[in-house]
Chemist: 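Pasting in a structure now, in structure tokens, and then I'll have a few things to ask.
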There are 2 protein chains.
Amino acid sequence: MAERKARADALRNRETVLAAADELFARSESPRSVSMDEIAAAAGVGKGTLFRRFGDRTGLIRAVFEARIEPLRHAVEAGPAPLGPSAPPRERVPALLDAVLCFKLDNRHLSLALEEAGSGSPYQAAHYAWWHGILRDLLERMRDAADGTADGPADGTAAGPAPESDFTAHALLAATRADLVEHLAAQEGMDRERIRAQLAAFVGTVLGQG
Amino acid sequence: MAERKARADALRNRETVLAAADELFARSESPRSVSMDEIAAAAGVGKGTLFRRFGDRTGLIRAVFEARIEPLRHAVEAGPAPLGPSAPPRERVPALLDAVLCFKLDNRHLSLALEEAGSGSPYQAAHYAWWHGILRDLLERMRDAADGTADGPADGTAAGPAPESDFTAHALLAATRADLVEHLAAQEGMDRERIRAQLAAFVGTVLGQG
DNA sequence: CGACTATACGGACCGACGGTCCGCTTCGTA
DNA sequence: TACGAAGCGGACCGTCGGTCCGTATAGTCG
């Protein structure tokens, strides 16, 4: 089961490649314009090495992304309020969405690359399911808290996965999509704080009377 | 100025190609799997003809899309309520979003193809700006109506383009993105009416206390 | 310390795709 | 009927993601 310990040079190469790719995506106009050959050349390794370590282009992008988002992920899973699990939902949801937005603002091209990687849809990426799950649960808990025990269909305890929270979570995340963020920042020329304020206001409206 | 009249066979070919492309996109698993060669072959024309008529892949997809969406566009621009201009904003906004959603449900692969065409972002497509403009104006009118004349910054009449309505329009449209719709329908297995109901509820929440 | 093996490396190579080019055909007109 | 322009088709090209295999090296064992 335990993977045979990796060779030292392989590990070093892995890091080199991740750094080179990160750099290239950050510099590039569009993520599509960054080819695997370029990344290999920039990292000073052969193309075969890239595909051996990461499987395919999507795998490489995902790896770079994971490395970048790790701190945020940790803050959400085990950090303090308002991002961490200890925060009350009403306060945590806006904080999470703001964090997602800020991450995409700080890593525009990388986020763009990830969302258009794979078979075309960001909804297949594991990290999307993760965000969505957290958000959905929080919304669900808010809804439960809101209506004492009344309202819903006959079944008291949640047998179904509560369709409304599911969709709302998708819709809120859709408002932070990388290409939308890129459009607002680049085409409409909105600055960072303006975008954050707009998103916060929107989230407030949606949660207002959940 | 007037373009020299087009040749009859060229017109016929144009229609043949549009029909073939439409068909192929509808049948395909993913729009990426439909190549220009395939479309040319299916239409019984040479590849050169495709590029001559439509410029590039994006141009072709756009043309197919325009042909499909024309009726809806017309209904919005000159039709009766609730889609047409005569409908009051509070009623027209949900109707428009539902219409967009239904269109994407009925033309999933084509919509998908369009949104991932171009330089990667749907926000550069002309039709997006069109939808967004209509929506933003409606939201703006609702906001103006809501607060008598109070609230906002010093300037009475709208000098700036009202940032809040602009973002809200983007966010609402984001909830109808083709890949999200595809995900809900294909991965989560939601049926058409369920999706429509969810979107309607979400829109209701957002407009609820604009 | 030297030999041996699993692991990793690199870059030539491949098939597919979007897009171009140019000689040939066909339409529409005089 | 003859002629020029508009249109056509498919061979051709450059690029890209991905594969393959002969070579080099890290780590281990005697």
Side-chain angles (χ1 to χ4, degrees), chain A residues 1-21 24-25 28-64 109 112-114 116-120 124, chain B residues 1-21 24-25 28-64 109 112-114 116-120 124:
Chain A
M1 292 312 158
E3 321 226 336
R4 291 274 178 82
K5 64 186 165 188
R7 260 167 57 168
D9 56 341
L11 257 293
R12 222 182 320 123
N13 266 335
R14 183 189 161 84
E15 295 313 309
T16 310
V17 168
L18 287 179
L24 279 179
F25 280 120
S28 75
E29 260 327 282
S30 144
R32 284 193 187 176
S33 70
V34 180
S35 71
M36 295 298 274
D37 296 79
E38 254 179 308
I39 297 173
V45 304
K47 205 164 48 147
T49 304
L50 253 62
F51 286 93
R52 158 176 291 269
R53 309 296 310 165
F54 302 102
D56 58 10
R57 183 184 166 88
T58 301
L60 170 57
I61 293 174
R62 205 169 316 203
V64 177
H109 299 299
L112 228 31
L114 184 73
E116 78 185 29
S119 313
Q124 279 153 280
Chain B
M1 290 311 159
E3 321 225 335
R4 290 274 177 83
K5 63 186 164 188
R7 260 168 56 168
D9 55 341
L11 258 291
R12 222 182 320 124
N13 266 335
R14 183 189 161 85
E15 294 312 310
T16 310
V17 168
L18 287 178
L24 280 179
F25 280 120
S28 75
E29 261 326 283
S30 142
R32 284 191 188 178
S33 70
V34 179
S35 71
M36 294 299 272
D37 297 78
E38 255 179 308
I39 296 173
V45 304
K47 210 170 31 154
T49 304
L50 253 63
F51 287 93
R52 160 178 289 269
R53 308 298 307 168
F54 302 102
D56 58 10
R57 183 184 166 88
T58 301
L60 171 56
I61 293 174
R62 206 168 314 200
V64 177
H109 300 297
L112 229 30
L114 183 73
E116 76 185 30
S119 313
Q124 280 155 278

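In what follows, every chain begins at residue 1, and chains take the letters A, B, ... in the order their sequences are listed. Values in this document were obtained by computation on a predicted structure and should not be read as measured data.
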Chemist: Looking at B/P31 and B/E116, what are the two nearest heavy atoms and their distance?
Modeler: CG-OE2, 3.9 Å

Chemist: May I have the distance from B/D9 (atom CG) to C/dC27 (atom P), rounded to whole angstrom?
Modeler: 6 Å

Chemist: Name the closest nucleotide to the A/K47 side chain, picking from D/dC8, C/dC13, C/dG19.
Modeler: C/dC13

Chemist: Roughly, in whole Å, what's the span from CZ in B/F51 to C1' in D/dA11?
Modeler: 14 Å

Chemist: Just to be sure I understand the rule, does B/A8 reach a base, reach only the sugar-phosphate, or reach nothing, if contact means heavy atoms closer than 4.0 Å?
Modeler: sugar-phosphate

Chemist: Between B/A43 and B/T16, what is the shortest heavy-atom contact and its length?
Modeler: O-CG2, 3.5 Å

Chemist: Considering all heavy atoms of both residues, which atom of B/R14 and which atom of B/A63 are nearest to each other, and what is their separation?
Modeler: NH2-CB, 4.3 Å

Chemist: To check you understand the geometry: which heavy-atom pair defines the closest contact between A/F51 and A/R57, and what is its length?
Modeler: CE2-N, 4.4 Å

Chemist: Taking the side chain of B/M36 as its heavy atoms from C-beta onward, which of C/dG18, D/dG7, C/dG10 lies nearest to it?
Modeler: C/dG18

Chemist: Whole Å only: how far is the CZ atom of A/R57 from the P atom of D/dT15?
Modeler: 16 Å

Chemist: May I have the distance from B/R53 (atom CZ) to D/dC8 (atom P), rounded to whole angstrom?
Modeler: 6 Å

Chemist: Measure from the side-chain heavy atoms of A/R52 and tell me the nearest of D/dC8, C/dG10, C/dA8.
Modeler: C/dA8

Chemist: Write down the distance between CZ (B/F54) and C1' (C/dT20), rounded to a whole number of angstrom.
Modeler: 18 Å

Chemist: Please confirm whether the shortest side-chain N or O distance from A/T49 to OP1 or OP2 of C/dA8 is below 4.0 Å.
Modeler: no

Chemist: Looking at C/dT20, C/dC9, D/dG7, which one has an atom nearest to any side-chain atom of A/A10?
Modeler: C/dC9

Chemist: Check whether any side-chain N or O of A/N13 sits under 4.0 Å from OP1 or OP2 of C/dC9, and answer yes or no.
Modeler: yes

Chemist: To the nearest angstrom, how far is B/L11 atom CG from C/dT26 atom P?
Modeler: 19 Å

Chemist: Just the rounded figure in Å: distance from C1' of C/dG11 to CD of A/E38.
Modeler: 17 Å

Chemist: In whole Å, I'd like the distance from the CG atom of A/D37 to the C1' atom of C/dC14.
Modeler: 13 Å

Chemist: Which pair of heavy atoms, one from B/V34 and one from B/I39, lies closest together, and at what distance?
Modeler: CG1-CG1, 3.7 Å

Chemist: Starting at the 5' end of DNA chain C, which residue's closest nucleotide do you reach first, B/S35 or A/R14?
Modeler: A/R14

Chemist: Determine whether any donor atom in the side chain of B/R7 lies under 3.5 Å from an acceptor atom in the base of D/dA6, or the reverse, and answer yes or no.
Modeler: yes

